[in-house]
Number of protein chains: 2
Amino acid sequence: MYKANLTKRQYEILRYVHETIEENSRPPTIREIGREFSISSTKGVFDHLSALEKKGWIDRVKGQARGIRPVKEKTERLFSEGEGVPVVGSVVAGEPTLAVENVEGLLDLEEMFPNQEDLFALRVDGDSMVEAGIHRSDLVIVRQQPTAEVGDIVVAVVDDERGTVKKLTRVEGEIHLEPANPDYEVIVKDPSEVEIRGRVVGVIRKM
Amino acid sequence: MYKANLTKRQYEILRYVHETIEENSRPPTIREIGREFSISSTKGVFDHLSALEKKGWIDRVKGQARGIRPVKEKTERLFSEGEGVPVVGSVVAGEPTLAVENVEGLLDLEEMFPNQEDLFALRVDGDSMVEAGIHRSDLVIVRQQPTAEVGDIVVAVVDDERGTVKKLTRVEGEIHLEPANPDYEVIVKDPSEVEIRGRVVGVIRKM
DNA sequence: TTGTATACTAAACAAAAGTTTAGTAACATA
DNA sequence: TATGTTACTAAACTTTTGTTTAGTATACAA
């Protein structure tokens with residue numbers, strides 16, 4: 001056994017198929033694989049594909065040109081070396097930071113903030129939320145919603161002004177939009193005067 | 001003219017090719033396109049592909065099965081509706097936040113923090129940098145480097161301990177690792193006792 | 001009015017690619 | 001010792017797929 005119940009040859013061929021799709025947006029033909037690995041008979045390659053299919057790494061569309069379809073999640077997991085930014089659990093003295101043992105996983109930003117229709121990003125232009133860790137020019141990721149819970153950091157529009165990022169609280173029937181910076185004052189409004197646009201669910205900063 | 005110098009039919013066929021690749025990891029054959037659009041003759045489709053090629057939207061690998069290769073950037077730009085989180089410039093009263101006019105672009109996290117070999121992400125486990133906007137359990141994006149400039153926020157290993165995130169300064173030949181929290185003390189060390197592992201280039205927080 | 005682009009049908013052909021049959025050899029497992 | 005898996009060759013066969021030829025019809029610009 002080589003890796004993940006595959007033989008070395010099967011692993012190499014699966015990798016070649018995966019890479020060909022990445023590069024050319026289409027799977028290789030049996031003869032292309034044969035050429036790459038110097039296997040003169042198409043049957044030689046065919047057998048490898050049958051083995052890969054049996055072991056659940058690929059699907060095949062019978063009789064069709066370039067009918068190899070790697071099972072996506074499995075295959076991507078197998079060949080994900082170097083794809084994405086690795087997340088390390090801790091930095092320890094002596095060892096190189098990116099030693100394989102230290103890597104806990106890959107940072108999947110698409111997964112953290114997927115293409116959901118109700119998400120948008122807004123660049124922050126004041127410093128009223130610095131103590132909440134939201135700085136000028138940070139991007140806040142906002143989930144669109146017309147209401148929010150007390151304690152949420154929200155994007156709200158008040159007095160026909162431009163939107164502002166503040167912490168939402170309620171005191172005696174009034175809405176308080178609290179900055180996280182002593183230099184700014186709490187905005188106190190009647191609920192009818194505040195339009196809540198969404199709740200901040202993430203912050204991204206590039207320095 | 002329909003969109004981007006294409007006829008309606010050409011646009012539809014290009015979109016079908018694009019979507020087929022997205023869904024099945026391989027381009028359609030000429031006959032598959034014909035089936036989709038009820039074009040009984042392969043020549044009908046062939047002509048459309050020739051037109052698309054001539055107009056620079058696809059490349060073709062002559063004589064090969066599924067040899068249609070959409071020109072990546074152009075095609076992706078054309079069909080990128082809804083892909084990614086939109087970045088809005090500001091939130092204005094009255095208008096729906098995600099109105100097309102407000103969208104400045106799409107948040108491309110892969111572009112912000114690309115798969116560069118020297119990047120890694122580290123989850124912050126203390127609160128010593130809160131005043132620099134780095135909170136407990138934030139992910140910091142770190143560029144690996146053995147030295148850094150004064151003023152940089154760095155990941156450093158001191159005294160055989162686990163790595164720590166601090167601001168780097170130098171005073172009279174000594175290295176100061178300054179927290180951004182008055183509850184913590186500055187770490188003062190001889191340069192030989194400090195291993196700098198990298199510089200913080202980004203922060204990502206999910207709430 | 002002539003040429004060019006678009007949008008096709010129908011049929012045939014050639015090349016590419018998948019599939020099958022027959023067989024060899026090494027190696028591990030029961 | 002028999003059985004199954006791996007890893008192939010060689011050759012033939014079938015199907016799929018790309019390509020070409022011949023032709024129709026419409027619309028538009030020079």
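Just so you know, these numbers come straight off a predicted model, no measurement behind them. Any value given below was found using the heavy atoms of this structure, including those in side chains, with hydrogens, waters and symmetry copies removed.
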Which residue lies toward the 5' end of DNA chain D, B:K62 or A:A51, if each is placed at its nearest nucleotide? A:A51
Heavy-atom contact window of chain B on DNA chain D, given 5' to 3' at under 4.0 Å: D:dT17 to D:dA22
Has the side chain of A:E32 got a donor or acceptor atom that lies under 3.5 Å from a matching backbone atom of A:T29? yes
What is the distance from NZ of A:K43 to C1' of C:dT19, rounded to the nearest Å? 10 Å
Hey, does the Lys NZ or Arg CZ of B:R15 hover above the aromatic six-ring of B:F37, less than 6.0 Å from the centre and inside 45° of the axis? no
Take atom CG of B:L49 and atom C1' of C:dT6, then tell me their distance rounded to the nearest Å. 14 Å
Exceeds 12 heavy-atom contacts within 6.0 angstrom, atom CD of B:E185: no
Euclidean distance, atom NZ of residue B:K55 to atom P of C:dA5 [Å, nearest integer]: 10 Å
So, OP1 or OP2 of C:dA7: does either fall under 4.0 Å of a side-chain N or O from B:K8? no
Go through the structure and list residues passing side-chain contact (heavy atoms from CB on, under 4.5 Å) with A:S137, not counting sequence neighbours. none
For A:K189, I'd like to know if atom NZ has over 12 heavy atoms of other residues, nucleotides or ligands within 6.0 Å. yes
Tell me what B:S40 touches on the nucleic acid: a base, only sugar-phosphate, or nothing, going by heavy atoms under 4.0 Å. sugar-phosphate
Under the 6.0 Å and 45° cation-pi test, does A:R60 pair with A:F46? yes
Report yes or no: does B:R66 contribute a side-chain atom to a donor-acceptor pair with the main-chain N or O of A:P27 at less than 3.5 Å? no
Tell me the interatomic distance from B:Q64, atom CD, to C:dA16, atom P, rounded to whole angstroms. 8 Å
Heavy-atom nearest nucleotide on DNA chain C for B:Q10 versus A:R35: which residue maps closer to 5'? B:Q10
Distance in angstrom units between A:R60 CZ and C:dA17 C1', rounded: 13 Å
Would you indicate, yes or no, if C:dG18 has its OP1 or OP2 atom less than 4.0 angstrom from a side-chain nitrogen or oxygen of A:R66? no
Rounded to the nearest angstrom, tell me the gap between atom CG in A:D47 and atom P in C:dA25. 17 Å
For a quick check of understanding: with a heavy-atom distance under 4.0 Å over all strands, which category does A:T29 fall into, base, sugar-phosphate or nothing? sugar-phosphate
In whole Å, I'd like the distance from the CZ atom of B:R31 to the P atom of C:dA11. 14 Å
I need the CZ-C1' distance between B:F37 and C:dC8, as an integer number of Å. 14 Å
